[in-house]
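The next block holds one structure in the form of C-alpha cells; read it before the comments.
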Protein chains: 2
Amino acid sequence: MRASKKAKLTGRGWKVGDTKEFLDLSSEEAALIELRLKLAEGLKARRKRKRLTQHDLAAAVQSSQSRVAKMESGDPTVSIDLLMRSLIALGASRRDLARIIAPR
Amino acid sequence: MRASKKAKLTGRGWKVGDTKEFLDLSSEEAALIELRLKLAEGLKARRKRKRLTQHDLAAAVQSSQSRVAKMESGDPTVSIDLLMRSLIALGASRRDLARIIAPR
DNA sequence: TGACCGTATGTCAGAACTGACATACACTAG
DNA sequence: CTAGTGTATGTCAGTTCTGACATACGGTCA
C-alpha cells in the first residue's frame with residue numbers, strides 16, 4: 001500500500017496526483033528527509049569528535065561498517081530508529097538530540 | 001540476534017548477564033524508551049489540541065486507529081519513525097520536535 | 001608500485017514493523 | 001438498558017529494515 005507512492009514515482013512519467021498527495025510528498029516527506037539528514041550529520045560529527053572509525057561505531061551499536069556508512073549518508077533505507085539508537089550509544093542525551101534536530 | 005535480549009527478560013528469573021549487557025539495558029535502552037515516551041506524549045497532546053480522534057489521525061497518516069493507540073501508549077512495537085512521521089503530519093516543525101524530545 | 005586503512009555501494013536472508021481487522025472497554029446520551 | 005463514540009489490546013500476513021558480506025574507491029606510506 002505504501003509501495004503505491006514509490007510505484008507512481010518510478011513509473012515512467014508523472015501520473016497526475018491530487019493535491020493532498022503532492023503536499024504530502026513535497027512538505028511532509030521533505031521534512032522527514034531533512035530530519036534524517038540532520039541526524040546523519042549529527043552522528044558523523046559526534047563519531048569524528050570521538051575519533052572513532054565507522055567500524056568502531058558499528059561494533060558499539062552491534063551493526064556493520066556498511067550500515068554506518070549508510071546512516072551517515074542519509075540513505076533512505078536507514079530508519080530514524082537506528083540513527084537515534086546510534087546517537088544514544090555515542091552518549092547523546094535527549095537535549096543533545098534536540099539540538100541536533102533543531103540547531104539554534 | 002536482537003531477540004536474545006528479549007528472551008532473557010521474558011524467560012523466568014534473571015539470568016545473570018555481564019556488565020556490558022546490564023549497562024546497555026539500563027542506560028541506553030532506557031534512554032530510547034524515554035525518547036519514545038516523550039514522542040508518544042507529544043503526539044497525544046498535539047492530536048488533542050487539534051481535537052482530532054485517533055481515527056482522524058490514523059486517516060491523516062494512512063494508518064489505523066489501533067496503531068495510533070499503540071503509538072500514544074509508547075508500545076514497543078511502534079517505531080520512532082512512525083511517531084516522527086505522525087507528528088510531522090500534525091504539522092510539527094523540527095523545532096517542535098526538539099521541544100517535545102527535550103522540554104525546557 | 002603495493003600494502004593498508006577508512007569509507008562507500010550493492011545485495012540478500014532473516015528480523016522487525018505495519019495496516020488492518022476483530023474485539024473489548026469506558027463513557028455519554030437517549 | 002441500548003446505541004453511539006472514542007480508545008485499548010491481540011493477532012497476523014505483507015512490507016520494510018537490518019546485519020553481514022563482497023567489493024570498490026580514495027588516501028597514505030614506504
Side-chain angles (χ1 to χ4, degrees), chain A residues 1-10 24 28-29 32-33 35-37 39-90, chain B residues 1-10 24 28-29 32-33 35-37 39-90:
Chain A
M1 176 175 257
R2 194 124 252 287
S4 61
K5 183 177 297 171
K6 198 170 294 178
K8 214 162 291 174
L9 288 175
T10 50
D24 179 28
E28 299 181 16
E29 193 121 337
L32 202 63
I33 291 176
L35 175 59
R36 199 202 310 282
L37 283 179
L39 294 172
E41 288 169 21
L43 181 65
K44 188 166 193 166
R46 210 172 176 91
R47 173 178 65 81
K48 295 218 149 175
R49 185 137 38 85
K50 292 202 167 196
R51 297 180 195 287
L52 299 175
T53 66
Q54 291 184 344
H55 200 92
D56 295 335
L57 174 53
V61 300
Q62 303 186 114
S63 182
S64 58
Q65 179 270 323
S66 61
R67 192 137 295 273
V68 172
K70 290 180 225 284
M71 285 189 221
E72 296 185 350
S73 70
D75 187 302
T77 74
V78 175
S79 71
I80 290 176
D81 277 273
L82 186 57
L83 284 162
M84 288 291 191
R85 261 188 265 135
S86 301
L87 279 162
I88 289 173
L90 286 184
Chain B
M1 177 179 256
R2 196 127 250 291
S4 61
K5 183 177 298 173
K6 198 172 295 179
K8 214 162 291 176
L9 288 175
T10 50
D24 179 28
E28 299 180 17
E29 192 119 340
L32 201 62
I33 290 175
L35 175 58
R36 199 202 309 282
L37 283 178
L39 294 172
E41 288 170 19
L43 181 65
K44 189 166 193 166
R46 211 172 175 91
R47 172 178 67 81
K48 295 218 149 177
R49 184 136 38 84
K50 294 203 165 196
R51 299 180 192 287
L52 298 175
T53 67
Q54 291 185 343
H55 201 92
D56 296 335
L57 174 53
V61 300
Q62 304 186 111
S63 182
S64 59
Q65 179 270 325
S66 61
R67 191 136 297 274
V68 172
K70 288 180 226 285
M71 286 190 221
E72 295 185 350
S73 71
D75 186 302
T77 75
V78 175
S79 71
I80 289 175
D81 277 272
L82 186 57
L83 283 162
M84 288 291 190
R85 261 187 264 133
S86 301
L87 279 163
I88 288 173
L90 285 184

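In what follows, chains are A, B, ... by sequence order, proteins preceding strands, each numbered from 1.
- Residue A:Ser66 is classed as a base contact, given a heavy-atom separation below 4.0 Å to a base.
- The distance from atom NZ of A:Lys48 to atom C1' of C:dG6 is 9 Å, rounded to the nearest whole Å.
- Distance B:Arg67 CZ to C:dC17 P: 10 Å, rounded to the nearest Å.
- In this structure, B:Gln54 atom CD and C:dA20 atom C1' are separated by 15 Å, rounded to whole Å.
- Counting to the nearest Å, the P atom of D:dT16 and the CZ atom of A:Arg36 are 13 Å from each other.
- In this structure a side-chain-to-backbone donor-acceptor pair under 3.5 Å is missing from A:Arg47 to A:Leu57.
- Look at CG on A:Asp81: it is 16 Å from P on D:dT16, rounded to the nearest Å.
- For the pair B:Leu83 CG and C:dG19 C1', the interatomic distance rounds to 15 Å; values are reported in whole Å.
- Contact record, B:Gln54 with B:Ala69: OE1-CB, 3.5 Å, taken as the closest heavy-atom pair.
- Phosphate contact (OP1/OP2 of C:dT7, side-chain N/O of A:Arg47, threshold under 4.0 Å): present.
- Counting non-hydrogen atoms under 4.0 angstrom, A:Thr53 reaches the backbone sugars and phosphates but no base.
- One N or O donor and one acceptor, one from the side chain of B:Lys70 and one from the base of D:dG10, sit under 3.5 Å apart.
- Residue contacts for B:Val68: at a heavy-atom cut-off of 4.0 Å it reaches no nucleic acid atom on any strand shown.
- Between A:Arg85 atom CZ and D:dT18 atom P there is a gap of 7 Å when expressed in whole angstrom units.
- A donor-acceptor contact closer than 3.5 angstrom is absent between the side chains of A:Ser73 and A:Asp75.
- Side-chain proximity of B:Ala69 to D:dT18, D:dT9, C:dG19: nearest is D:dT9.
- The phosphate of C:dT18 (OP1 or OP2) has a side-chain N or O of B:Ser79 nearer than 4.0 angstrom.
- Contact annotation: B:Gln62 does not reach the phosphate of C:dG19 (side-chain N/O to OP1 or OP2, under 4.0 Å).
- Taking only side-chain nitrogens and oxygens, B:Gln65 never comes nearer than 4.0 Å to OP1 or OP2 of D:dG6.
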